[in-house]
Structures are given as C-alpha cells and as structure tokens.
Amino acid sequence: MQMLKAEIEPLIEAALLHVGITNDHWRSMLAPSRELDQGDLSLPCFPFAKQLGQAPPAIAEALAEAMPEHEAIGEVNAVAGYLNIKADPSWLAKTILSSPETHGHPFGQRQPTGRKILIEHTSANPNGPFHVGRARNAILGDSLVRLHRLYGNEVRAEYYVDDMGKQVGVLAWALANLSSEEVEATLEGRDPLNPKWKGKADHERVRWYQAAQVIRQEREDKDDIEKEIGRMVHASEHGDQQVLDDFQAAYTPVLEGMLTTLARLGINFDTFTKESIFVTNGDVGRLMQRFKTFDIHGTADNGAEFLDLGARGLKGKTEFFFRRGDGSSLYATRDIAYHMWKWQQCDDLINVLGEDHKLQAKQVGMTLTELGQKVPDVLFYSFIKLPEGKMSTRKGNVVFMDDLLEEAQAQAAAVVGALRPDYEHQQIKEIADAAGTSAVRFNIIKVSPEKGFTFRWEEALAFEGGSAPFIMYSHVRACSIVRRCHKEGIDVTAELENTNIDHPKEMSKGMVGLLRALSVHNDVLAKAVNDRRPHLFANHLLHLANCFNAFYRDCMIVVEGEVNTFNLQISEVARRMMRTGMEGLGIAPIEHM
RNA sequence: GGGCGUGUAGCAUAGCUGGAUAAUGCGUUGGCCUCCUAAGCCGAAGAUCCCGGGUUCAAAUCCUGGCACGUCCGCCA
C-alpha cells in the first residue's frame, strides 16, 4: 500500500492546503482503512475540527471535493468524518504487473541491499535431543534468516556451540565412566529409549547424561564424582586442550543428531563457533584485563571480579560478575568476547533468545556499550509449555521434535491418502512429509513470540484453516492453473510477456481483494524483517492465500481452451509471491497436493 | 519484594506508533463440486477487549493503581 500512499500523498496535501490545513501531522494519520468496503486509505478529519472551526464530516466533504483527479484513485468519499480513498483497481494491477519487484525475476525476489546480517539462534547445549520447548528458538531464528534473505540482506546463520560448561562435562564424564548396563539400571522406571531412535546419538547419549544426573545426587561416591567433573570443567575453562578434545568427542555426535532433526524442519546453519575458542585464543583474558581498568570495576572478598552496572542505571542486582575467585571466566564474559568477534563480521547482529535470558542480555548489552561496542538486536520469545505444564526432560514431560515430526508426517499421510486415493504411495509420502513439517513450523511461527505458547497436538497437526497446508494448497492451485494452460497448448511465457492487454473496467471482488493483498506484500515483509516479527508475515501469507482462493473462485483463467491473459498474469504474480513467501517461512512450496 | 512479559467470543490467536461496526482459524450451525485440485468457497450464531481510575473530540491500543499467569533476580550455563 506504500505504492498508493506515495502516489496520493501530494494530492491530499494539495486538498488540505485548499481547505486551509498547512501542518504536517496528517501524514501519520493517513492509514489503511479498517474495512475494505471503505477504501484503501483513510484520513480521519477530527483533529482539523478545532483549527478550522468546522465539523469533521464537513471537512471530510470539503476534502473529498478538493481532491484532484488521478489515475491511481478509483473513488473518494467522505463518511462520518473520514476521508476514504479507494485505489483504482486498473492502476493497482498495472503498477503491480510493471513493478520490477513483482514482475522481474527471480520470483519476486528483492534487489540485494548489500547489508550483512549475522543471526545467531538455537545454540542449544549439545546434551540431548531437540524437544518442542527448544524449537521456538530454532523456528523463529530460521524464519528470520529466511525472511532477511528474501528481503535482500546477506545473512549468516550462526550456531554458538557451548563446548565447555558443566553440562558437557557431565556428559563426558558419564560416557567415560558408565556402562550401558549401569545407565539402564539407573534409569529404570523411566521411559525407555524409543526403538525408532536407536542409533541416533542425541537420543542415546542423553541417557548417559540423565543417568549421571541421578548418580551425582545419589551414589555414595558422589563427592568424588563432583570433584572429578569440577576438575574437568575447570580445566576446560582454562583452555586445557586435552579436556576440550574429550568434551568435543562426547558432544559432537549429539550435536549432529540434533542438527539432523533441525534439517528435517528445513533449518540449517552456515557457521558453528565454539565457545572455547575465545578462551584459548586469549580474547577472554584480554577482555578481563580491560575490565580491570573500568571505573565501575569491583573486586569481591575472594578475588572474584565484577562490574557495577548500577552506576549505569541497571536496577535490581547490579553487580555483574565476569570472573570467579579462581580467576576463570564466566559464561557471560565469554559471550561478550564472542559478541565483539561477531561485530567484526557484520553490519547488524541479531540474537534469538528465550525470555529467561533477558537480564543476561541486558548485562551483556550494557557491558558492550561500556566497551564502545554496538548492542545487538535481540528477539526474545516466551517458552513453549505442554498442557500438563512446563516441559522437563527430567520429569519425562517432553515432546521430542523427532516424535512430533514422525507423528505430523504420519497424520498428513493419512489425510493425503484419504483425499487423493489415486496417488502413488511415494507421492503421498512426499506430500505428507512436506505438509507435516511445514504445519509444525507454521503453527509455531504464526503467533507473536512474546506470547506464552501451549503446545497441543491437535493444533500442530491441523491441516486446514490457518495452517501451512492451507497456504500450500492455494499455491498448488496456482501451479495447477499453469499446468492446465500447458495442457491446452497455451504459450504461458508469451502470455506473461504480453503487455498489450486491456484491464477490465469492472473487476470482481476476488480480483480486487487479491490486488490489494499483493500491493501490501512487500510492505509487510519489510515490517516483519525490520521489527523482527515473523508472525506478521505469516499472517499476511495466510491472508494472501485466502485472497487467492477468492480470486480463483471469481476469475477463470482458462475457459474452453481460451486463456484470459490478464487473469493469468495476476495469478502468476500471486503464485510467485506465495512461493517466495513460503520459502521465507520455511514452508515447502510443493506443486501437487 | 524488585525487573520484564502476557491477559481479547467456548478454545487458540491477530490488532497495541490512539480513529469508524474489534479481525482470523478451530468448535457450533445452514448452503456450494457436470466448471483451472472442496486441504476450498459463501452465510449464521457467538466479545463487560482481566478489573478500577486518568489523558483525549476519540482508548483493546497511551498513563496510573490493582488482580492473575509466565519469567528472571547464581562467583551456573
């Protein structure tokens, strides 16, 4: 709608001048109309009442009178104090069809912006399989990566590997010291390993980790165990290469298992950076030396060091510890070193973090400011819960992503099989896999991240209404139109290049609705990217698919072997936008369903 | 106790840089396949926008005081 706004703003300005309004406040008041029947853009005239000494409806009338004619404007009317402006559908169609962003190639992709964005997301500790609770980070992060790429930014998706903490230490200790019999004996009474995941290291090794967690609490030699784990963690934090290598051997297969799961969702990373690097390369040591020189630096009784961020306006607990009494660094300290490193390689930095990291992120941000560095943008999300409450591996109250995806694909296969009895087995499987994983992603991405989210199977596996398959289906219909054209011997490429067409003067509701949805597409994308709110784009795509369905109903493209060129061109723009939009959200743009 | 976030039809959500009749899906309910895929389309019913106060011509939206829920307030990661 930005395209219409840009076109008519000067006209409104002229009209306002005509009735005696000279200030500029109205620009922010000019907004999309609430109801489509009213128009596309509306200007409330109430604020002008005092200034002009007239009733708002009269002002609206006067403005409507004063509006100059313009090809972009289909209709101007004044209703109840509002000036409503409706775009001329032919102008909209012409603008959309001639826009390089929609008509050019490839598939409505935007021009490169030249901006380099580094997006860090997921970065889950490599100690067990992915569960749905963690999934929001990965799905949100990956959607952001994809949307930025669609927008034209150069993006690097980064996974920060926590390779030196206590969690990895416990895993490494367990793998070195516990037999599989001991593990199974310790975990007796818990859910056994799902045979389906036998051989998948994230599912198998997490049992060692879980057993170790029990043993650390219960076994008589637990103090010795604790000492040993402590020794390893401590050594890792001082950059002991042998221990770090052992840790890496322990977690790598787990991480690979987790990445396999993410790949099923279409989530991939460009780079992996290990936390320990910043210890071994000396960055963390130098950073801590530098902190010493700060005037907000402080030292505790045992020699531990902190920065007093209270002096910079932080409320609550203001001491931000960056070094233990024994001289080793803390997680946040390494994180700061990591951020300084990241800033060297991008123009914008985005982190995707759970809401539990808010304070941490605030401390890191303030410290970066203190260091003269930029503060990264952070996308916070609230946790996914189960109807039974918080997800907890320990309590067995979890839904593993692998199980969810299996179930999603199985249920999708049942739906496809029932709906398309004539399809081959292999084809059904391919469609079901695409629909199942897309549905899972979309179910999570369509709601705003700060909202608490309760995972429900029936919602994750809904394949109608506001779901990914709904969008996929509209796209399939658009694809099927092209197939139909080919079947009728119509030269689609030639039809699309034909610029010598008459736009119908009267357009159906379905056509006008679709044109409007297409005209806001790039506006919504820009907003979703810049505000870091992927759900806005998800909801727009739902709306676009909905509009396409109405267009499909109202506007036949092939009738008795004859093609309607205008309708075909619009349909193809919509198809491309749906396709790129789906890719931007990680929905599989399949062509048959 | 303090910080941050959330509270919208039976359910799940959108709208939150103030603007007209609060939007969408599920569920309930009525209709539409000789016609480019009915995973679709069209219609009906369903809302004290958590509660109180304030600002404003105008408040779901902003301010303020409550209530409920989530989350954080480690020399853990």
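First the proteins, then the strands, lettered A, B, ... as listed; each starts at 1.
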NA contact type, A:Val476, heavy-atom cut-off 4.0 Å: base, sugar-phosphate, or nothing? base

If you look at every strand shown and take non-hydrogen atoms under 4.0 Å, does A:Cys45 touch a base, only sugar-phosphate, or nothing? nothing

Check: A:Asn549 side chain, B:C41 base, donor-acceptor under 3.5 Å: no

Checking B:A14, B:A38, B:A77 against the side chain of A:Ser448 (C-beta onward), the nearest is B:A14

Using the test side-chain contact (heavy atoms from CB on, under 4.5 Å), find all partners of A:Gln54 that sit at least two apart in sequence or belong to another chain. A:Leu52, A:Ala58, A:Ile59

What is the nucleic acid contact for A:Asp422, judged by heavy atoms within less than 4.0 Å: base, sugar-phosphate only, or nothing? nothing

Check the interface with nucleotides 5-10 of chain B: list each N/O to N/O pair with the protein under 3.5 Å, or write none.
from, atom 1, to, atom 2, distance (Å)
B:G5, O2', A:Glu450, O, 3.4
B:G7, OP1, A:Lys451, NZ, 3.0

Applying the 3.5 Å cut-off to both distances, the Watson-Crick or G-U partner of B:G1 turns out to be B:C73

Among B:C36, B:A39, B:C75, which nucleotide has an atom closest to any side-chain atom of A:Ile481? B:C36

Applying a 4.0 Å non-hydrogen cut-off, can you work out what A:Leu359 is touching in the nucleic acid: base, sugar-phosphate, or nothing? sugar-phosphate

Can you tell me which nucleotide in B:A14, B:G15, B:A77 comes closest to the side chain of A:Arg324? B:A77

Side-chain polar contacts of residues 417-424 of chain A - donor-acceptor pairs under 3.5 angstrom, sequence neighbours left out - could you list them?
from, atom 1, to, atom 2, distance (Å)
A:Arg420, NE, A:Met593, O, 2.6
A:Tyr423, OH, A:Met593, O, 3.0

Using every non-hydrogen atom in the two residues, find where A:Met366 and A:Leu309 come nearest and quote the distance to one decimal. CE-O, 3.9 Å

Ignoring hydrogens and geometry, is there a side-chain-to-backbone donor-acceptor pair from A:Asn302 to A:Ala304 under 3.5 Å? yes

Identify all pairs in which a protein N or O lies below 3.5 Å from an N or O of nucleotides 29-35 of chain B, and state each distance.
none

Please work out if A:Gln360 contacts a base, only the sugar-phosphate, or nothing of the nucleic acid, heavy-atom cut-off 4.0 Å. base

Quick one: is A:Arg334 getting a side-chain N or O under 4.0 Å of the B:A77 phosphate, OP1 or OP2? yes

Without decimals, in angstroms, what is the distance between A:Leu171 CG and B:C76 P? 21 Å

Quick test of the criterion, 5.5 Å between centres and less than 30° between planes. Is A:Phe46 stacked on B:C57 or not? no

Using a 4.0 Å heavy-atom cut-off, does A:Asn125 contact any base of the nucleic acid, only the sugar-phosphate backbone, or nothing at all? sugar-phosphate

Could you list, one pair per line, each protein nitrogen or oxygen that sits under 3.5 Å from a nitrogen or oxygen of nucleotides 21-28 of chain B, together with the distance?
from, atom 1, to, atom 2, distance (Å)
B:G25, O2', A:Gly466, N, 3.3

Touch class at under 4.0 angstrom, heavy-atom based, for A:Phe463 against every strand present: base

Separation of the C1' atoms in B:C67 and B:G53, to the nearest angstrom: 15 Å

Would you classify A:Lys487 as touching base, sugar-phosphate or nothing, given that sugar-phosphate means primed atoms plus P, OP1 and OP2, and contacts are heavy atoms under 4.0 Å? nothing

Within the 4.0 Å heavy-atom criterion, would you say A:Gln363 contacts the bases, only the backbone, or no part of the nucleic acid? nothing

Compute the ring centroids of A:Phe306 and A:Phe320, then answer whether they are less than 6.0 Å apart. no

Looking at B:U28, which nucleotide sits across from it as a Watson-Crick or G-U wobble partner, both distances under 3.5 angstrom, or is there none? B:A44

Which one is paired to B:A20, where only Watson-Crick or G-U wobble pairs with both distances under 3.5 angstrom count? none

Measure across A:Lys317 and A:Glu319 and return the closest heavy-atom pair with its distance rounded to 0.1 Å. NZ-O, 2.7 Å

If you look only at distance, which donor and acceptor atoms sit under 3.5 Å apart when one is on a side chain in residues 434-441 of chain A and the other is two or more places apart or in another chain?
from, atom 1, to, atom 2, distance (Å)
A:Thr437, OG1, A:Asp433, O, 2.9
A:Thr437, OG1, A:Ala434, O, 3.4
A:Ser438, OG, A:Ala434, O, 2.7
A:Ser438, OG, A:Ala588, N, 3.0
A:Arg441, NE, A:Leu585, O, 3.1
A:Arg441, NH1, A:Asp142, OD2, 2.8
A:Arg441, NH1, A:Leu265, O, 2.8
A:Arg441, NH2, A:Asp142, OD2, 2.9
A:Arg441, NH2, A:Ser143, OG, 3.2
A:Arg441, NH2, A:Leu585, O, 3.4

Checking all strands, does A:Phe322 fall into the base, sugar-phosphate, or nothing category for heavy-atom contacts under 4.0 angstrom? nothing

Just call it for A:Val416: base, sugar-phosphate, or nothing, with non-hydrogen atoms closer than 4.0 Å on any strand. base

Base-pairing assignment for B:U34 (Watson-Crick or G-U wobble, both under 3.5 Å): none

How close or far is atom P of B:U61 from atom CE of A:Met29, stated in whole angstroms? 20 Å

Once you apply a heavy-atom cut-off of 4.0 Å, does A:Pro56 come out as touching a base, just sugar-phosphate, or nothing? nothing

Any chance the rings of A:Phe453 and A:Phe383 have centres within less than 6.0 Å? no

Counting any heavy atom closer than 4.0 Å, what does A:His535 reach on the DNA or RNA strands: base, sugar-phosphate only, or nothing? sugar-phosphate

Touch check for A:Ile431, heavy atoms < 4.0 angstrom, all strands: base, sugar-phosphate only, or nothing? base

Both distances under 3.5 Å, Watson-Crick or G-U wobble: report the partner of B:G52, or none. B:U64

